[in-house]
Amino acid sequence: MKVVLGVAGGIAAYKACSLLRLLSEAGHDVTVVPTASALHFVGEATWAALSGKPVHTDVWSDITEVPHVRIGQEADLVVVAPATADLLARAATGQADDLLTNVLLTARCPVVMAPAMHTEMYEHPATQANIATLSERGVHVVPPASGRLTGRDTGPGRLPEPEQLFEVCVRELARASGGAAGARAATPRDDLAGRRVVVTAGGTREPLDPVRYLGNRSSGKQGYALAAVAARRGAQVVLVSAAALEAPAGVRVVPVETALQMEVAVRAEAAEADVVVMAAAVADFRPASYAGHKIKKTHEPGADGSADESAPVVPLVRNPDILAGLVDARGGAASPVVVGFAAETGDESASVLEHGRAKLARKGCDVLVVNEVGADVTFGKDDNTVHVLRRGSDAVLDVGPATKTLVAEAVWDVVADLL
Ligand code: C5P
């Protein structure tokens, strides 16, 4: 397939070299079109050597071959990585002042853009408006990852890893080829294409005072794996996260801390969703009140000079059950599909699975993923063992021990079947 790799002038241009290699090694014919600024970061010789082709940035070279029209017209995919704030602005306003913007105007194939820049530039309303415009026009904008930027900065704006961008390109090429059997067989599934999904992840933290909170041992890894796999399988994914892990490529993260914040975010996002997966460990209770100052260990001495050595009592109140609220809110409707998780430890009254079945009936969700937990299993680990239960069915799908990614694949198989 003919792939155009557009490279704009950002430090992440060096990562585009790896993307170029991945595309070339997969047998694609890659033409690199850097902007003039991109050549400050990675020189022409590198692109030419890696692609095996001459590299141009302006429209005045090889003019008899009309490159400003031909390259875009003939492409099966254009991927711009990194896409800087300037490139996004020029693309959104249809400018044609260099070869890359000409290519973008003449291309009729799928276009993938991976914005990468400093957080402030990414979050600026101008950049966000340009991204929205491009998305509305059908450009597949891969949200940036969060993490270390140039210098000491951290935050959203990092170019996702080349392997992740490569997967997006492969999926777009498969889609563009209209499902040709050969192309599909060699590519990941995109059975969630066009679906909007919300995933929650992590353990909520319920603050007690400015330095303390009630929390739990959930790492968020299973929720992040569910979000990453859904995005890879074509879904538009929102991850409402109470964990501080690196955002998976192609996933929009809504950070939250408490159960109440998670409830607000999930309600807002679920309104448009086809599926909500509640993988978060939501605290059932929170402190009834929040102390504005750190609660002191020892109270000040009283009039008689003796310090109060008693421990404070912390009254708790119930948090809303977000999952039950979703089931209630949809009433008799089939959408969104609601998936719950149940972390269980068996006890003398019932096994893990029996507790799971009872919970599925009680919660009224469509799918319940039951996992056995304990101090040294599941939490924070990369592996998981689960039993997937479906409402109205006696069948149990046992998965694992397997990586959380494979568990996520199995859960999405069940959900895709329901959709
Ligand atoms: O009843 P239990 O807390 O075990 O149920 C777990 C499931 O319910 C998970 O999917 C969890 O995300 C969800 N949950 C919730 N709101 C709560 C507690 C749990 O949505 N307050």
Side-chain angles (χ1 to χ4, degrees), residues 197-207 213-227 230 237-243 254-271 273 275-288 316-330 336-347 349-374 377-379 384 386-391 399 404 407-408 410-412 414-415 418:
V197 312
V198 178
V199 178
T200 65
T204 64
R205 292 178 173 194
E206 310 297 327
Y213 60 83
L214 296 184
N216 60 66
R217 298 166 62 94
S218 169
S219 67
K221 285 183 179 175
Q222 184 63 72
Y224 274 63
L226 282 154
V237 186
V238 180
L239 178 61
V240 179
S241 171
V254 179
V256 295
E257 190 178 338
T258 66
L260 292 179
Q261 289 168 356
M262 184 171 276
E263 184 191 34
V264 171
V266 169
R267 266 204 205 155
E269 300 295 343
V275 186
V276 182
V277 180
M278 288 293 305
V282 186
D284 293 317
F285 307 102
R286 66 180 183 277
L316 302 177
V317 291
R318 286 191 83 89
N319 271 329
D321 188 320
I322 305 171
L323 182 92
L326 287 169
V327 171
D328 279 352
R330 75 176 176 180
V337 169
V338 179
V339 180
F341 269 68
E344 300 287 352
T345 56
D347 55 33
S349 71
S351 68
V352 167
L353 214 50
E354 285 162 342
H355 280 304
R357 285 218 175 279
K359 189 164 285 183
L360 178 62
R362 204 165 56 240
K363 294 240 174 193
C365 51
D366 304 291
V367 177
L368 190 74
V369 183
V370 183
N371 59 343
E372 199 162 343
V373 294
V377 279
T378 300
F379 289 125
N384 206 355
V386 304
H387 315 283
V388 187
L389 309 180
R390 274 171 68 160
R391 188 156 55 95
V399 188
K404 289 184 174 174
V407 169
V411 171
W412 285 118
V414 172
V415 174
L418 282 176

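Start at 1 with the first residue, then count along the sequence. If you're wondering where the values come from, they're calculated on a predicted model, not measured in any experiment. Counting starts at 1 for both ligands and their atoms, following the listed order.
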Checklist entry - Which atoms from ligand 1 have a heavy atom of Ala280 less than 4.0 Å away? => result 11 (C), 12 (O)
Next on the checklist: Is there a side-chain contact between Leu353 and Leu389 in this structure, where contact means two heavy atoms from C-beta onward sitting under 4.5 Å apart?
Outcome noted: yes
Checklist entry - Sub-3.5 Å donor-acceptor pair from the side chain of Arg286 to the main-chain atoms of Pro207, do we have one? => result no
Checklist entry - Who's the nearest protein heavy-atom neighbour of atom 16 (N) of ligand 1, and how far? => result Ile322 N, 3.0 Å
Next on the checklist: Return the closest protein heavy atom for atom 4 (O) of ligand 1 as residue, atom name and distance.
Outcome noted: Lys359 NZ, 2.3 Å
Checklist entry - Can you tell me if Glu263 has a non-hydrogen atom under 4.0 Å from ligand 1? => result no
Next on the checklist: Looking at Ala283, is its backbone amide N or carbonyl O close enough to the side chain of Asn319 to form a donor-acceptor pair, meaning the two atoms are under 3.5 Å apart?
Outcome noted: yes
Checklist entry - Of all the atoms in ligand 1, which lie at a distance below 4.0 Å from a heavy atom belonging to Pro320? => result 16 (N), 17 (C), 21 (N)
Item to check | Proximal candidate to atom 18 (C) of ligand 1 [heavy atom criterion; set Thr204, Val266, Asp284] | outcome: Asp284
Checklist entry - Would Arg318 count as a contact of ligand 1 if the rule is a heavy atom under 4.0 Å away? => result no
Checklist entry - atom 10 (O) of ligand 1: which protein heavy atom is closest, and how many Å away? => result Met278 O, 2.7 Å
Item to check | Side-chain heavy atoms of Val388 within contact of Val367, under 4.5 Å | outcome: yes
Checklist entry - How far is atom 7 (C) of ligand 1 from its nearest protein heavy atom, and which residue and atom is that? => result Phe341 O, 2.9 Å
Checklist entry - Looking only at atom types and distance, does a side-chain atom of Thr258 sit under 3.5 Å from a main-chain N or O of Arg205, one as donor and one as acceptor? => result no
Next on the checklist: For the CZ atom of Arg362 and the NE2 atom of His355, what is their distance to the nearest 0.5 Å?
Outcome noted: 9.5 Å
Next on the checklist: Could you check whether any side-chain heavy atom of Val277 comes within less than 4.5 Å of a side-chain heavy atom of Phe341, counting everything from C-beta outward?
Outcome noted: yes
Checklist entry - Which of the atoms of ligand 1 are close to Gly340, meaning less than 4.0 Å from one of its heavy atoms? => result 10 (O)
Checklist entry - If we only count heavy atoms from C-beta on, is the Val370 to Lys359 side-chain gap below 4.5 Å? => result no
Checklist outcome for this item: Nearest non-hydrogen protein atom to atom 20 (O) of ligand 1, with distance, is Leu323 N, 2.8 Å
Checklist entry - How close does the nearest protein non-hydrogen atom get to atom 5 (O) of ligand 1, and which residue and atom is it? => result Lys363 NZ, 2.9 Å
